[in-house]
Amino acid sequence: MKYQDIISKMTIEEKAAFLGGKGEWETWGFERLGIPSIFCSDGPHGIRKQAGAGDHLGLNASLPATCFPTAATIANSWNEELGETLGETLGEEAMAQGVNVLLGPGLNIKRSPLCGRNFEYFSEDPYLAGKMAASYVRGIQSQGVYACPKHFAVNSQELRRMAMNSVLDERTLREIYLTGFEIAVKEGKAKTIMSAYNEVNGTYANENKHLLTDILRKDWGFDGIVITDWGASNDHALGVAAGSNLEMPNPGLDSARELIAAVDSGKISMEDVDARVDELLDAVMTLYVNAQNKSDDFDKNVHHSIARRAAAESAILLKNEEKILPLKAGAKVAVIGDFAFVPRYQGAGSSLVNPTKIETVSEMIGSYDLQVVGMSRGYSRDGKEDAATRKEALDLAARADIVLFFFGLNEDSESEGMDRNHMRIPQNQINLLQELGQVNANLVGIISAGSAIEMPWHHYFKAMLHCYLNGQAGAGAVLDILTGSVNPSGKLSETIPRRHEDTPAYRYYPSRERTSEYREGLYVGYRYYDTAEIPVLYPFGFGLSYTEFEYSDITVSEAGVSFAITNVGEMAGAEVAQLYVGLKDSKIFRPAKELKGFAKVSLKPGEKKTVTIPFDDKTFRYWNVKTDKWEIEDGNYSIMVGSSSANIRLTANIMKSETTEVLPYNREEMPSYYSGKIENVSDAEFEKLLGRRIPEGKWSGLLDQNDALCQMYYAKSGLARFAYRRLTAVKKKADASGKPNLNVLFIYNMPFRAMAKMTGGAVSMEMVGGFVKVVNGHFFKGIGTVIGGFFRNRRKNKAFEAKIKS
Ligand code: BGC
């Protein structure tokens, strides 16, 4: 052990306390031992350091920091260099604010467009998500701050996120849900990782030896620390034994006592505790040294301009009929839509950044060479109809040559802590759009939304620019693209399906009971649409430019694929070329094509460049569930180079002669997986995929400490059911107000155990046990345990505190 000298001086109490947080964001420091404390902060697209009272949901104000576009936006740039620059900038701001660990990036897979946190995640594809995440990690860590890729793993649903069991087969786990993390760890060299709230195949992610030890540390060589998500620890001792180092946020000393008791009883070993302490000491000591002589300031203007460049590179031109864009100098335009006045530029929850400034289209458009006939909010943000504003907008539209309509998802549509239940934008915006279409045929739509939405109204527009959530400097970036000083080069990092019903997890998401069954398996996003031949509105990897690119001269070698791209248009621009690999007539089932590389190339008009995308260890591999290792099936692979997943420009082939000797599947038993038509996978077929029985997921019997508060619906106790009804009423009221109440959402989905894990020692697990008894109908017994537990906890806390006073 590296820190044997310190560890040998630590008491068991100090070790146990050290492995848990102190306060919302900090770790324990021990002066007597020379152990400093470190500070963690969200979040992925800007620093959210709370100056006053800490809470983890972005409710209390944080220090001003640059609000960059969210991960869902930046992924559309397909630009790893940009990711690294953003990482460096985030790292610099973190350092200036005294933050040692930046809790991001988030790279969970967008299994369904409905996940409330999709705006914080990169992609439906693990390769793209991993590459982008690795670039952030490299940038952040270059500044002496540790990045913390999250949430490890299979955390693609917000509903009851802390009490959900994700059930999936090992191949889907490895190929879809872990590959991104693997890239972030191996290529980004991430030094911390955040364990997710949920269970993975029946074991909490934070206690999952398979994930944290076998895969993360042994297979991938991770040499950093595992930090629990805020409240994600269930059994701290099992977490420590599985490879988790730091229980956050504020479990109090009851948790430390639990750890000591586990050592005493032999449930876990002292070696496990020492190993975790050693790893954590390494992080704490390194981060402390890194932060010496740090600067307390950063250049807000420079960072703002980086945010603007990032927003410009990440916007996607979805449509541009009659080349209506870029706007001609002096074009007569009407600006319509509330988003032009109050931009929708980031999402809600723990990632909420307090921006250094916010630019708006309404304020900036005057400095562009356009004739603005007027501006109107057009629709109201809360979804209600507003006849006067609508009339104002329609009058303006009638007077303009071109209408710029700013619209999309409202704040209350997507948020941490809740999933959407449909993919529509508010109806009042659609109503206005239909009327605008009656008075002006030249509509240009500028969309803000953090995740895929249904666009049945797309035909109203001649052009559509999808900006996702583009950060505090988004307005200038949009105007630069609309007027042509920037040529759009973003490509979709997720598919825009035609309708929610077409999405692969439509029948499986979100799960309502205890388990979330990943029946669609590998068929996430374009992997499904392409294989099952489901038409989509805009495919994965799609995005237009003001210029055009020609692809030619493909050659393939063992090392990779080379080809040429020529800019055959009249404007300088950048193209994202994508490498997909497939194997027809494969013996194992597999998606028709999978992304295995990409390159973003800038070209002047007429310029031609040769591009090489190297193959890597992921190009041909698949996870063989029989032999339990990565293998390559022999065959003649298609090497496809495309400008999107649906537009393959060049193809070639390469033979691979490695052999899979033990075939993992029997084609006859798995027709849905062999055809990709996974909409209705039967129990029997899912069991074949899982290789075991489907675990029982139905609620029955009594509630326990891991059930969420919203499950009190099933409680035996009338009092608990009353509490459930009250909580639901408060939630409904908050939902109806148009602004999600994150506290209520959090409590609604929170398991009973979190009362102990997040209250700094005020509540012990014994008291939680008492509450659960009450809920299960044993009122007096339960209250007795709560009251007795309260006094016991207080006494024990005091005694423990005395022991660790440094
Ligand atoms: C979120 C994490 C976040 C943490 C701290 C949790 O609720 O899931 O992403 O880093 O809170 O704010």
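Ligands are counted one by one from 1 in listed order, and the atoms in each one are counted from 1 as well.
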Hey, is ligand 1 close enough to Trp230 that some N/O pair sits below 3.5 Å?
-> no
Using distance alone, decide if ligand 1 has a nitrogen or oxygen within less than 3.5 Å of any nitrogen or oxygen in Asp42.
-> yes
Should Asp254 and Arg257 count as side-chain neighbours, where that means a heavy-atom distance under 4.5 Å?
-> yes
Proximal ligand 1 atoms for [X], defined as those under 4.0 Å from one of its heavy atoms:
{"X": "Glu416", "value": "1 (C), 6 (C), 7 (O), 8 (O)"}
{"X": "Met194", "value": "10 (O)"}
{"X": "Arg161", "value": "7 (O), 8 (O)"}
{"X": "Trp25", "value": "5 (C), 12 (O)"}
{"X": "Lys150", "value": "2 (C), 3 (C), 9 (O), 10 (O)"}
{"X": "His151", "value": "2 (C), 8 (O), 9 (O)"}
{"X": "Arg48", "value": "12 (O)"}

Cut-off 3.5 Å, side chains only: do Glu80 and Ser135 have a donor facing an acceptor?
-> no
Between Arg111 and Ser516, is any side-chain donor less than 3.5 angstrom from a side-chain acceptor?
->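 There is such a pair (donor and acceptor under 3.5 Å, judged by atom type) between the side chains of Arg111 and Ser516.
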Are Tyr177 and Tyr518 close enough that their ring centres sit under 6.0 Å apart?
->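 Yes, they do, as the ring centres are separated by less than 6.0 Å.
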Please work out whether any backbone atom (N, CA, C, O) or any side-chain heavy atom from C-beta onward of Glu120 is under 4.0 Å from ligand 1, and answer side chain, backbone, both or neither.
-> neither
Would a distance-only check, ignoring hydrogens and angles, find a side-chain to backbone donor-acceptor pair under 3.5 Å from Asn76 to Ser493?
->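 Judged by distance alone, yes, a pair lies under 3.5 Å.
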Would a distance-only check, ignoring hydrogens and angles, find a side-chain to backbone donor-acceptor pair under 3.5 Å from Gln141 to Lys189?
->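 The answer is yes, because a donor-acceptor pair under 3.5 Å joins these two groups.
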Who passes side-chain hydrogen bond (donor to acceptor under 3.5 Å, both in side chains) against Asn470, sequence neighbours left out?
-> none
